[in-house]
Structures are given as C-alpha cells and as structure tokens.
Amino acid sequence: MARRKKIYEGKAKTLYEGPEPGTIVQYFKDDATAFNAEKKDVIEGKGVLNNLLSEYFMLGLGQVGVPTHFLKRLNMREQLVRSCEIVPLEVIVRNYAAGTMSKRLGIAEGTQLPRPIVEYCYKDDSLGDPLVTEEHIAAFGWASQQDMDDILSLALRVNDFLSGIMYGVGIKLIDFKIEIGRIYDGDFQRLVVADEISPDSCRLWDIKTEQKLDKDVFRRDLGSLTDAYSEVARRLGLMPNNPASITKPTLIN
Ligand code: 5GP
C-alpha cells in the first residue's frame, strides 16, 4: 500500500491526505501536552478514547443540525473528515468560571456565570494563544462580521447540545474550546465545527462530587487520565459498563 501523505502533525493529532479530494484522515495520538507543551507525556489509550468521544459529539451535533467537518470513523484511532480552512481562533465557551478566567478575573473555580460567556483566542502557539477581542479579529481580517455572527451562534448551539448531553449523565460542562473551519462549495463558504470535541478540549466535572473528568487531571496531576476519559465514555454508553462480562471469543467447531 502506498504511504499516506502527512499534511500536518499537531500536539494531539496527525492529519493525512484522505482517499478522496477534499477529505482528510485525522489520527488521534496518545500524546498529552499542557501549558503550551511545557508538560508532555504519552497516555496509552487517550487517542482511542478521544476518537470515540469526538465521533459521538460530532455525530450528535450533525443530528441536531449543527454542521461539522466529520464524515465517519475509520478505525480505533482515525476518522475521515472534510478538509477545511481553519479560522485562526480558539472559540471558548464558559458556563462556570475555571482555568484562565478564574486567574484573570479572580473568580473562584466552579462559580456559575450569569450566562454563557464566549471568548476568542488567536491560535498561535509561539504567543501562547492570546485572548483577543472582536476588534482584533475584524481589524486583522481573521474573520468577517458575518463569520463572527455565525461563529457565535454555532458556539452557543454546541454549548446547549453538549451541556444537555453531559447533564443527562451527571456531568457539568464547565467550559470548552472549539475550532471552526471554512468549507468552500464553489464561491459559497460554509462554517463548520472542526478539529475535535473531547475531554482534551472541555472541562467536565461530576455534578455531585465535582471530580474532574477532563484534561485538568493531567495538567494538575490529579490521577489517571485514561480512567477519567473512560468514565465519560462509559457514562455515554460508548464502553461496556462491566468489561469483565465480555466473553472471550469461542471456537466454533
Ligand atoms: P482555559 O482558557 O481556562 O485554559 O481553557 C478554557 C477551555 O478551553 C478548557 O476547557 C480548555 O481545555 C480549552 N482549551 C483552551 N486552550 C486549549 C488548547 O490549546 N487546546 C485544547 N485542546 N483545549 C484548549
């Protein structure tokens, strides 16, 4: 088989040219990084879990009419997605204060916000993805006013969808980050949810115990990241509740 052409290698994923024009294969690695790659590790199984979870969220979004780049999962580590031009912004939605918002504004982590707050960061690792305003975005031409209206509406729809899904399995969606892609159909441009949606890019807390079930487990050395992500997958019905109950393959005579 011919070797696939690598298009891009990021911190958690590698992108390869897809089988059809306009498609890309997204490979989920086990690498975990935090604090702009100052902290690094390889967490066995993380890629498989994120591939499954991202598929689940992207398919669900598609079913409620939110356009995404997702086409299909190919295997345990790879999914086929539509190739798109990534808007150079990290779109963050926050329902409860945590992370950089808590630091910046001195609000205790876990404080419910008066309403969901959407923030934008300029995607540039060498600058540490700085927070920017719509003024910067318009002035530097990263997105048009029409794009920003569509991005805000997409971000809030993703928030309602994800919050509801997570609430149903006893998890509070504290905040999350999405990326937006442009897909061109001739002269016409559409914005879609791209990249991934997984516990790498969300903060997820158990509603009752406030146990963290997301990448903060790695960032803050709070235990096993795969146990946390597996718990999310298990509650969503993506993993067997009792792995011991799975019977071994039996030889048929
Ligand atoms: P914070 O700004 O508090 O660090 O992050 C807010 C939310 O966005 C968190 O859910 C965090 O996981 C996500 N987030 C922010 N920056 C990144 C990033 O560069 N990569 C990923 N995967 N998630 C991010």
Side-chain angles (χ1 to χ4, degrees), residues 8-15 26-43 46-47 49-51 53-54 57-58 68-69 79 81 86-113 116-133 142 151-152 154-156 158-159 161-163 165-166 171-181 193-206 210-222 225 228-229 232:
Y8 173 78
E9 178 150 7
K11 285 176 280 196
K13 294 186 294 299
T14 306
L15 305 183
Q26 199 166 250
Y27 176 97
F28 287 76
K29 304 196 283 187
D30 280 343
D31 300 15
T33 62
F35 313 118
N36 209 7
E38 274 171 34
K39 181 175 170 134
K40 284 187 204 168
D41 206 347
V42 176
I43 315 265
K46 179 176 88 84
L49 285 159
N50 280 351
N51 187 23
L53 285 160
S54 199
F57 295 129
M58 295 285 185
T68 79
H69 72 159
Q79 48 184 246
V81 300
I86 296 288
V87 175
L89 297 172
E90 294 194 335
V91 181
I92 293 172
V93 184
R94 301 180 187 269
N95 299 305
Y96 298 82
T100 57
M101 172 183 255
S102 288
K103 279 210 190 89
R104 210 182 314 119
L105 301 180
I107 306 173
E109 287 209 317
T111 308
Q112 187 164 14
L113 300 171
I117 295 181
V118 182
E119 294 176 349
Y120 305 99
C121 293
Y122 178 54
K123 257 173 75 69
D124 186 327
D125 281 343
S126 67
L127 300 173
D129 301 334
L131 186 69
V132 292
T133 68
W142 296 325
I151 289 172
L152 179 65
L154 278 175
L156 293 175
V158 172
N159 186 43
F161 172 79
L162 283 183
S163 296
I165 292 266
M166 299 319 297
I171 294 174
K172 221 162 31 175
L173 178 65
I174 302 294
D175 57 29
F176 66 91
K177 181 262 308 184
I178 50 170
E179 298 193 14
I180 303 292
V193 178
D195 190 51
E196 72 177 278
I197 299 178
S198 74
D200 265 9
S201 49
C202 302
R203 283 198 173 92
L204 305 169
W205 293 9
D206 179 85
E210 304 215 320
Q211 184 194 353
K212 294 181 172 56
L213 299 169
D214 56 63
K215 202 164 130 185
D216 276 350
V217 171
F218 170 72
R219 294 187 188 103
R220 304 178 188 187
D221 294 319
L222 299 176
L225 194 74
Y229 288 20
V232 177

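All values derive from a computational prediction rather than experimental measurement. Numbering of ligands and ligand atoms starts at 1, following listing order. Below, each value reflects all heavy atoms present in this structure, side chains not excepted, and no hydrogens, waters or symmetry copies.
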Inset, instruction - Taking the six-membered ring of F218 (Phe, Tyr or Trp), confirm whether the NZ or CZ of K39 is under 6.0 Å from its centre and within 45° of its axis. - result: yes

Legend entry - For atom 11 (C) of ligand 1, the option (of E90, R219, K177) bearing the nearest heavy atom: R219

Legend entry - Among E179, E109, M101, R203, closest by any non-hydrogen atom to atom 3 (O) of ligand 1: R203

Inset, instruction - Locate the shortest heavy-atom distance separating D125 from N36; write the atom from each residue and the value. - result: O-ND2, 2.7 Å

Legend entry - Minimum heavy-atom distance between D195 and M58, given as atom pair plus value: O-CE, 4.0 Å

Inset, instruction - List the steps and the verdict of side-chain hydrogen bond (donor to acceptor under 3.5 Å, both in side chains) for S102 and R94. - result: CA-CA 11 Å; S102 288; R94 301 180 187 269; over 6 Å; no

Inset, instruction - Answer whether the closest heavy-atom distance between the side chains of Y27 and N51 falls below 4.5 Å. - result: no

Legend entry - V81 side chain reached by E196 side chain, heavy atoms, under 4.5 Å: no

Inset, instruction - Please confirm whether D200 comes within less than 3.5 Å of ligand 1 when only nitrogen or oxygen atoms on both sides are compared. - result: yes

Check each atom of ligand 1 against the heavy atoms of [X] and keep those under 4.0 Å away; list them by number with element.
{"X": "S201", "result": "10 (O), 12 (O), 13 (C), 22 (N), 23 (N)"}
{"X": "D129", "result": "19 (O)"}
{"X": "G99", "result": "3 (O)"}

Inset, instruction - Identify the protein heavy atom lying closest to atom 1 (P) of ligand 1, giving its residue, its atom name and the separation to 0.1 Å. - result: T100 OG1, 3.3 Å

Inset, instruction - Tell me which protein heavy atom sits closest to atom 7 (C) of ligand 1, plus the residue, atom name and distance to 0.1 Å. - result: D175 OD1, 3.5 Å

Inset, instruction - Please indicate whether K103 has more than 12 foreign heavy atoms, meaning atoms of other residues, nucleotides or ligands, lying under 6.0 Å from its NZ. - result: no

Inset, instruction - Take every heavy atom of E119, measure it against each atom of ligand 1, and state whether any distance is under 4.0 Å. - result: no

Inset, instruction - Check each heavy atom of C202 against ligand 1 and say whether those closer than 4.0 Å belong to the side chain, the backbone, both or neither. - result: backbone

